[in-house]
Amino acid sequence: MAQSEYVKLTDRPEWTALTEHRAQSRPRLRELFAADPGRAERYVVRVGDLHIDYSKQLITDETLALLQRLAAATGVSELRDAMFRGERINVTENRSVLHTALRAARDAVIEVDGENVVPQVHAVLDKMAGFADRVRSGEWTGHTGKRIRNVVNIGIGGSDLGPAMAYEALRPYTARELTFRFVSNVDGADLHEATRDLDPAETLFIVASKTFTTIETITNATSARSWLLKAFDGDEKAVAKHFVALSTNAEKVTGFGIDPENMFEFWDWVGGRYSYDSAIGLSLMIAIGPDRFREMLDGFRLVDDHFRTAPAEANAPLLLGLLGIWYDNFFDAQTHAVLPYSHYLSKFTAYLQQLDMESNGKSVQRDGTPVEWQTGPVVWGTPGTNGQHAYYQLIHQGTKVIPADFIGFARPVGELSDELKAQHDLLMANFFAQTQALAFGKTAEEVRAEGVAEEQVAHRTFHGDHPAQGVRPGRGLEHRLLRPVGRGAGQGPRQARRTRPHRRRGRARSRPVHHGPRRRLPHSQERIGELIMQLGLIGLGKMGGNMRERIRRAGHTVIGYDRNPEVSDVKSLAELVEKLDAPRQVWVMVPAGTATQTVVDELGDLLSPGDVVIDGGNSRWTDDEKHAAALGIKGIGFVDAGVSGGVWGLKNGYALMVGGEKEHVDRLQPIFDALKPEGPYGYVHAGRVGAGHFSKMVHNGIEYAMMQAYAEGWELLEKVHSVENVREVFRSWQEGTVIRSWLLDLAVNALDEDEHLEALRGYAEDSGEGRWTVEAAIDNAVPLPAITASLFARFASRQDDSPQMKMIAALRNQFGGHAVEKKD
């Protein structure tokens, strides 16, 4: 590129605008949230169902707009597109930067120098899969015929940090009967500790070096070779059965004694730091299996596609990279903390250190001229609560600005004991409390209100306004694996346009995503922030489809099953249950009666103790009691949930009534919170099992009486007195009358759509709420014979096309969930 192409970044008007904006803006997060109640919902970006909350960043809409203008002016999107096209954007080595090709679909076309490289990629992946299957199954044996039980990966830098990090992150999903170790340090103690308790006859070494000349790797590999040969009396034939290579140098590999057939290649357009989804990940593929490895690649590809196609305002890598520029250059932030609340992410920060600091550790632009701005922070951090007892006070109360990424998983891995799983609630309570405290702090007044002595107030006060970002996964097997997303996925936008991060080849960072969702904190604990839940939903008609949309919009994961394959996420109830992590929660939205009974019976055979079934249909409370008793014998909980007002009521937040054991209702609170209306009476725990449906039916009986009243009024106006402008009469009622209700709102909506309801027939299907309300009174010995007769008369669909029945059909059509006939 010509030197004239480069305009000094700090001379650009977009940079000047950001400088002025920073000088004028001193955002306080408490004030930002108070002024914008929807901030927590707006400042969220999702990739698939990975949830990235950047609402606690020191930014406004204007900040984001100015940062995006800077990205546009410096050609970030153009450079991104050139990377995806395979152009040689690594100008110092004159290479393409195509780690994205490593996870491309088989039918994709990605060309380097006019050649489609995708077939080569999949040929190597297939070769890796065949080898991994042979090792995992025991078909591949060592020199003495023993099966391989130990795998030692020898590499350094990207040939070690990537697969070692991913193995630790995914350890619960690995072949536990095999041992995996990773050697990188040229200090002989590293190799000694990795092999001291291993049987050479059962050990496979994977040597990862593209050129097979990397000094540290070849030194360790040679020492490992000597260790092996000592066990086999110097028989060099053993090397071919106990060593394989990840390399492109067939001559060196053969000279070492490795069969070149067991050399797995990769290409010069694969940067080491971004390579564990290539042959460099062979040890990982052996550990988790080829199928899960390919699911991991699907996750990489999902984020690649998102980065390539998402608009700037919703593009996670771009947004997070731009936030790095904002803090590095306009807040003088020298470091960035990565704080995973997961033991399994113990190596994640070390992996990011290479990925970020070696990529962006530059002091010259792409044309070789010096830079005069910050190109990247020092990345550091340790897992979870350990850091809280080491350095969090500096982050909270120190004088430095330290942006922090918090990575939290709402559910622990499934293989933990119940007692150990219970500890996860405490871990997540810390996660939420830390992000809240960093963002909002604690004022002197709040400290005093806790009864703290005045001389201690200053020491207990937290300023807040420390940028903290929450990253939470959704649910799915691919989410247990590794997805390339997070603040580092956008290092192209950070300084790649200006410096040369691809000198060591690279662009994207990865965030491990493994655990599925977890139940909410115990009721006795303070719930700070929100938890992600996972829900199985059976029945995706109007009501179920609306519920799925609302629950997913709240950040939870929903796996839906319906007889209609076009809307269903799975093919069967068995597949639905299989995809859910224990303890499961399954919401049933099917017609009451035989259908509900059939589904509940089948779930009883598929679910396990500790799971919960929620019946959201129109079941009788007596049926709820029977279902709860039958499932309770198997240790499965049961909750009933009634929503009045159908789809319209659900959308607009009318009554949501729940019955069941408090333990189960508390566990499901995040789901109910996603469905409830705003305000203090969002939903009510009505009592024991059946109470939710009983309350819902009584409520609906009242609603249908009101509906009938409106319908009778409509018939009088439309038919008896021939009032000409019925719609305006209804609107005048709506605007100021003592009889106003939400049903009147529905009537006005219906008349706005069709003034005389000409498109509707009066044949509204009888939904049964009215009859069930009366039956409830009878079952409970309420002496209401006159009301019984009246209610039966009102609620039974009379199957006529009178104005009255057309209005009832119109009201039912407005709030959805009922079969309504329309004229042809």
Side-chain angles (χ1 to χ4, degrees), residues 90 93 95 97-99 102 120-121 123-125 127-128 131-132 135 150-167 180-192 194-195 203-229 236 238-287 347 350-351 354-355 358-359 502-506:
N90 179 349
E93 296 178 317
R95 291 178 180 174
V97 180
L98 266 185
H99 45 277
L102 299 173
Q120 302 173 41
V121 168
V124 172
L125 287 173
K127 182 178 178 181
M128 291 167 58
F131 181 78
V135 173
N150 315 303
V151 177
V152 180
N153 187 92
I154 300 177
I156 198 167
S159 298
D160 168 77
L161 285 169
M165 177 276 296
Y167 170 75
F180 292 85
R181 292 181 181 164
F182 297 83
V183 174
S184 59
N185 198 333
V186 76
D187 183 344
D190 195 4
L191 181 64
H192 168 72
T195 58
T203 301
L204 173 71
F205 291 95
I206 299 175
V207 184
S209 173
K210 182 184 295 185
T211 62
F212 221 74
T213 59
T214 308
I215 184 69
E216 298 92 342
T217 300
I218 298 307
T219 298
N220 277 326
T222 301
S223 296
R225 186 178 187 274
S226 298
W227 175 83
L228 181 82
L229 292 179
E236 296 202 356
V239 174
K241 296 296 292 182
H242 293 271
F243 280 84
V244 299
L246 316 177
S247 179
T248 58
N249 192 335
E251 181 180 354
K252 291 282 187 182
V253 167
T254 303
F256 188 88
I258 297 173
D259 186 341
E261 287 297 312
N262 298 323
M263 183 183 80
F264 302 85
E265 72 170 320
F266 50 108
W267 305 270
D268 64 3
W269 39 262
V270 178
R273 284 160 290 165
Y274 312 92
S275 63
Y276 77 82
D277 50 344
S278 71
I280 292 297
L282 180 61
S283 58
L284 179 63
M285 183 183 281
I286 295 172
K347 293 183 179 293
Y351 173 67
Q354 185 201 31
L355 213 58
E358 195 167 354
S359 288
H502 309 301
R503 173 62 184 85
R504 296 280 296 176
R505 283 95 43 201

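Because the structure is predicted, anything quoted here is derived from the model rather than measured.
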With rounding to the nearest 0.5 angstrom, report the [atom1] to [atom2] distance, [X] to [Y].
{"X": "Tyr276", "Y": "Tyr351", "atom1": "OH", "atom2": "OH", "result": "5.0 Å"}
{"X": "Ile280", "Y": "Arg273", "atom1": "CD1", "atom2": "CZ", "result": "13.5 Å"}
{"X": "Ile206", "Y": "Ile286", "atom1": "CD1", "atom2": "CD1", "result": "4.0 Å"}
{"X": "Ile215", "Y": "Ser209", "atom1": "CD1", "atom2": "OG", "result": "10.5 Å"}
{"X": "Asp268", "Y": "Lys210", "atom1": "CG", "atom2": "NZ", "result": "6.0 Å"}
{"X": "His192", "Y": "Ser223", "atom1": "NE2", "atom2": "OG", "result": "13.0 Å"}

Residues that Phe212 engages under ring pair (Phe, Tyr, Trp, His ring centres under 6.0 Å), provided they are two or more places apart: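 With sequence neighbours excluded, Phe212 shows a ring pair (Phe, Tyr, Trp, His ring centres under 6.0 Å) to Phe256, given in chain and number order.
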For [X] against [Y], the heavy-atom pair lying closest together:
{"X": "Gly257", "Y": "Val239", "answer": "O-CG1, 3.6 Å"}
{"X": "Ala221", "Y": "Ile154", "answer": "CA-CD1, 3.9 Å"}
{"X": "Met285", "Y": "Leu125", "answer": "CE-O, 4.2 Å"}
{"X": "Phe180", "Y": "Ser283", "answer": "CE2-O, 3.5 Å"}
{"X": "Ser159", "Y": "Pro163", "answer": "O-CG, 3.7 Å"}
{"X": "Val244", "Y": "Phe264", "answer": "CB-CE1, 4.3 Å"}

Would you say the side chain of [Y] lies within less than 4.5 Å of the side chain of [X], judging by non-hydrogen atoms?
{"X": "Val152", "Y": "Val183", "result": "yes"}
{"X": "Val151", "Y": "Tyr167", "result": "no"}
{"X": "Phe243", "Y": "Leu228", "result": "yes"}
{"X": "Val121", "Y": "Trp267", "result": "yes"}
{"X": "Leu246", "Y": "Leu282", "result": "yes"}
{"X": "Asp190", "Y": "Asn220", "result": "no"}
{"X": "Ile258", "Y": "Phe205", "result": "no"}
{"X": "Phe266", "Y": "Val124", "result": "no"}

Name all pairs fulfilling the side chain to side chain donor-acceptor pair (under 3.5 Å) condition that reach into residues 245-263, sequence neighbours left out, sorted by first residue then second.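 Sorted pair list comes back empty.
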Can you list the steps and then say if Thr203 with Trp227 is a side chain to side chain contact (heavy atoms under 4.5 Å, CB included)? CA-CA 11 Å; Thr203 301; Trp227 175 83; 4.2 Å; yes
Mark yes or no for whether Asp160, through its side chain, and Ala208, through its backbone, hold a donor-acceptor pair below 3.5 Å.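 Judged by distance alone, no pair lies under 3.5 Å.
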Within a reach of under 6.0 Å around NZ of Lys347, are more than 12 heavy atoms found that belong to other residues, nucleotides or ligands?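 12 or below, so no.
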Suppose the criterion is salt bridge (Lys or Arg N to Asp or Glu O under 4.0 Å): which pairs have a residue in residues 217-226, not counting sequence neighbours?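 Of all non-adjacent pairs touching residues 217-226, those that pass salt bridge (Lys or Arg N to Asp or Glu O under 4.0 Å) are Arg225-Glu236.
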